[in-house]
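A short worksheet on the structure shown next.
Below, all heavy atoms of this structure are taken into account, side chains as well, without hydrogens, waters or symmetry copies. When a ligand or atom number is given, it counts from 1 through the structure's own listing order. Note that this is a predicted model, so its numbers are computed, not measured.
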Amino acid sequence: MDVNKLFSLEGKVALVTGAAYGIGFAIAEGLAAAGAKIAFNCRGEKHMEEALKAYAEKGIDARGYFADVTKEDEVIKLVADIERDLGPVDILVNNAGIIKRIPMLEMDVADFRQVIDIDLVSPYIVAKAVIPGMIKKGHGKIINICSMMSELGRETVSAYAAAKGGLKMLTRNICSEYGEYNIQCNGIGPGYIATPQTAPLREKQPDGSRHPFDQFIIAKTPAGRWGEAEDLMGPALFLASDASNFVNGHILYVDGGILAYIGKQP
Ligand code: NAP
Ligand code: GCO
């Protein structure tokens with residue numbers, strides 16, 4: 001068996017949504033290292049400029065497109081533009097996402113709906129836009145970026161947990177509905193990863209001590225550390241490559257063991 005061929009993405013087109021920075025950027029970097037042509041989207045000029053510079057510094061000729069994943073017309077144009085520039089999408093990573101940390105009773109319905117819209121409805125919109133092309137090509141890989149909150153809740157993240165729990169089941173349903181077309185749809189469930197999204201949970205206290213939540217996560221994680229976005233490169237490459245052609249509907253948790261562990265006695 002040629003293991004390099006098994007994990008090669010040469011000639012494949014990968015769309016990673018929201019990959020201007022953070023987890024999406026790291027996943028795109030890993031897929032590019034395996035030979036994929038990278039397309040990503042974001043919403044702002046500043047992030048686009050910084051992202052293109054960052055990709056270029058890594059020697060990656062990534063194509064950036066302006067698109068809000070909540071807007072179906074923008075997503076349809078995004079997929080058409082990628083097909084024009086690079087070819088049909090072979091690999092979709094539904095990464096774009098937000099979180100709002102607000103106690104449920106204090107959360108406005110509009111806030112709850114926005115999180116559901118971006119974290120659950122948008123992965124459906126983007127998957128719906130790329131699946132026809134995958135069916136035509138006879139293969140496709142969809143990777144939905146779920147979360148530990150696809151399994152667990154905690155205070156202040158009701159909308160996010162509901163969205164990520166739904167995304168786990170959307171992943172299983174795409175697997176069920178399109179597996180016969182040689183499309184594998186799986187999820188990655190990152191644990192606590194050091195990115196802008198979790199920066200507020202790691203802020204140093206005025207006395208210079210670690211944030212209480214930071215200490216909590218360290219105690220709850222067998223690996224004894226926060227994850228880095230780079231920790232997701234390998235799992236994403238596995239699920240994007242031929243190495244996972246019989247893996248479907250699976251959520252791969254990349255969490256340092258936190259979901260398996262009751263936590264250290266205080
Ligand atoms: P991040 O640093 O906040 O990056 C989120 C990305 O999503 C940004 O590029 C953002 O672009 C983009 N985005 C948000 N809304 C968008 C929209 N409507 N249209 C297009 N792009 C949009 O977050 P992250 O930590 O890298 O997380 C990435 C994914 O992993 C998210 O789905 C998150 O829920 C999930 N996740 C994160 C962790 C963690 O601990 N960090 C753990 C588990 C799961 P803009 O700059 O335009 O806003
Ligand atoms: C939070 C964090 C988590 C992580 C991640 C864990 O506020 O608890 O932001 O939600 O982002 O989703 O898997």
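- Considering backbone and side-chain N/O of Asp119, none are found under 3.5 Å from N/O of ligand 1.
- Backbone and side-chain nitrogen or oxygen atoms of Asn95 are examined, and one is located within less than 3.5 angstrom of a nitrogen or oxygen of ligand 1.
- Ile258 is not connected to Val254 by any chain of hydrophobic side-chain contacts under 4.5 Å among Ile, Leu, Val, Met, Phe, Trp and Tyr, and they are in different clusters.
- Near Asn41, meaning under 4.0 Å from one of its heavy atoms, ligand 1 places the atoms 20 (C).
- Residue contacts with ligand 1: Ala67 is included, with a non-hydrogen atom under 4.0 Å away.
- Of the protein's non-hydrogen atoms, Cys146 O, 3.2 Å is the one closest to atom 44 (C) of ligand 1.
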Exercise for review: For side chain to side chain contact (heavy atoms under 4.5 Å, CB included), just list the numbers for Ile188 and Ile143, CA-CA rounded to whole Å, side-chain angles, deciding distance to a tenth of an Å, and then say yes or no.
Suggested key: CA-CA 7 Å; Ile188 287 177; Ile143 302 169; 3.9 Å; yes

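- One finds the CG atom of Leu78 at 12.0 Å from the CD1 atom of Ile125 (value rounded to the nearest 0.5 Å).
- The shell of residues lying under 4.0 angstrom from ligand 1, judged by heavy atoms, excludes Gly189.
- Contact annotation for Met149 and ligand 1: no heavy atom of the residue comes within less than 4.0 Å of the ligand.
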Name the atoms and distances for all side-chain donor-acceptor pairs under 3.5 Å in residues 42-51, with sequence neighbours left out.
residue	atom	partner	partner atom	Å
Lys46	NZ	Glu50	OE2	2.7

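- Looking at ligand 1, you'll find an N or O of Ile23 within less than 3.5 Å of one of its N or O atoms.
- Counted by atom type alone, Arg172 and Ser176 present zero donor-acceptor pairs between their side chains at under 3.5 Å.
- Between Tyr192 and ligand 1, not a single N/O pair is under 3.5 Å apart.
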Between side-chain atoms of residues 224-238 and protein atoms elsewhere (two or more places apart, or another chain), which donor-acceptor pairs fall under 3.5 Å?
residue	atom	partner	partner atom	Å
Arg225	NH1	Asp231	OD2	2.8
Arg225	NH2	Asp231	OD1	3.3
Arg225	NH2	Asp231	OD2	3.3
Trp226	NE1	Asp214	OD1	2.8
Asp231	OD2	Glu228	N	2.8

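- Scanning the protein for heavy atoms near atom 3 (O) of ligand 1, the closest one is Gln197 CB, 3.6 Å.
- Taking 4.0 Å as the cut-off between side-chain N and carboxylate O, Lys168 and Glu151 count as a salt-bridged pair.
- Ligand 2 lies under 4.0 Å from heavy atoms of Ile99, Arg101, Ser147, Met148, Met149, Arg154, Val157, Tyr160, Pro190, Gly191, Tyr192, Gln197, Thr198, Leu201.
- No N or O atom of Cys42 sits closer than 3.5 Å to an N or O atom of ligand 1.
- Set against the non-hydrogen atoms of His47, the atoms of ligand 1 under 4.0 Å away are 45 (P), 46 (O).
- Checked by atom type and distance alone, the side chain of Asp108 never pairs as donor or acceptor with a backbone atom of Ala110 at under 3.5 Å.
- Nearest to atom 2 (O) of ligand 1 among the protein's heavy atoms is Tyr21 CE1, 3.4 Å.
- Ion pairing of Asp81 with Lys77 is present here, as a side-chain N (NZ or NE/NH1/NH2) and a carboxylate O approach within less than 4.0 Å.
- Remark: minimum distance from atom 34 (O) of ligand 1 to any protein heavy atom is reached at Tyr160 OH, 2.7 Å.
- Among the candidates Asp119, Asn95, Asn94, Asn186, the single residue satisfying the side-chain hydrogen bond (donor to acceptor under 3.5 Å, both in side chains) test with Asn144 is Asn94.
- Among the atoms of Pro190, none of the N or O lies under 3.5 angstrom from an N or O of ligand 1.
- In this structure, Phe25 has no heavy atom closer than 4.0 Å to ligand 1.
- Of the options Lys12, Lys141, Lys137, a side-chain hydrogen bond (donor to acceptor under 3.5 Å, both in side chains) to Asp90 is made by Lys137 and by none of the others.
- Between Gly22 and ligand 1, no pair of N/O atoms sits closer than 3.5 Å.
- Counting protein heavy atoms only, atom 15 (N) of ligand 1 is closest to Arg43 NH2, 3.3 Å.
- Rounded to the nearest 0.5 angstrom, Tyr160 OH and Lys100 NZ are separated by 13.5 Å.
- Atoms of ligand 1 found under 4.0 Å from any heavy atom of Thr198 (numbered from 1 in listed order, with element): 39 (C), 40 (O), 41 (N).
- For atom 24 (P) of ligand 1, the closest heavy atom belonging to the protein is Thr195 OG1, 3.6 Å.
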Review point. Can you list the steps and then say if Tyr192 with Asp255 is a side chain to side chain contact (heavy atoms under 4.5 Å, CB included)?
Key: CA-CA 7 Å; Tyr192 280 82; Asp255 65 359; over 6 Å; no

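- Proximity of a side-chain donor or acceptor of Ser122 to a complementary backbone N or O of Val69 within less than 3.5 Å is detected.
- A distance-only check finds a donor-acceptor pair linking the side chain of Gln215 to the backbone of Arg210 [under 3.5 Å].
- For Ile98, every heavy-atom contact with ligand 1 shorter than 4.0 Å involves the side chain, none the backbone.
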Check your understanding: How far apart are the C-alpha atoms of His250 and Asn248, what are their side-chain angles, what is the distance that settles it, and do they pass the side chain to side chain contact (heavy atoms under 4.5 Å, CB included) test?
Key -> CA-CA 5 Å; His250 182 74; Asn248 213 348; over 6 Å; no

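- Looking only at protein heavy atoms, the nearest one to atom 19 (N) of ligand 1 is Val69 N, 3.1 Å.
- Ligand 1 lies nowhere less than 4.0 angstrom from a heavy atom belonging to Ala229.
- Protein heavy atom at the shortest distance from atom 30 (O) of ligand 1 is Ile145 CG2, 3.3 Å.
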Practice item. Carefully, step by step, assess Glu180 and Asn182 under the rule side chain to side chain donor-acceptor pair (under 3.5 Å). Key: CA-CA 5 Å; Glu180 66 179 281; Asn182 191 27; over 6 Å; no

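- Put simply, no part of Met148 is less than 4.0 Å from ligand 1, judged by heavy atoms.
- Remark: ligand 1 atoms within the under-4.0 Å shell around heavy atoms of Gly191 are 40 (O), 42 (C), 43 (C).
- Which parts of ligand 1 touch Asp68 is read off a 4.0 Å heavy-atom cut-off, strictly below it: atoms 17 (C), 18 (N), 19 (N).
- Rounding to the nearest 0.5 angstrom, the gap separating the CG atom in Leu86 from the CZ atom in Arg63 is 5.0 Å.
- Partners of Tyr55 under the ring-ring contact (aromatic ring centres under 6.0 Å, His included) rule, at least two apart in sequence or in another chain, are Phe25, Phe40.
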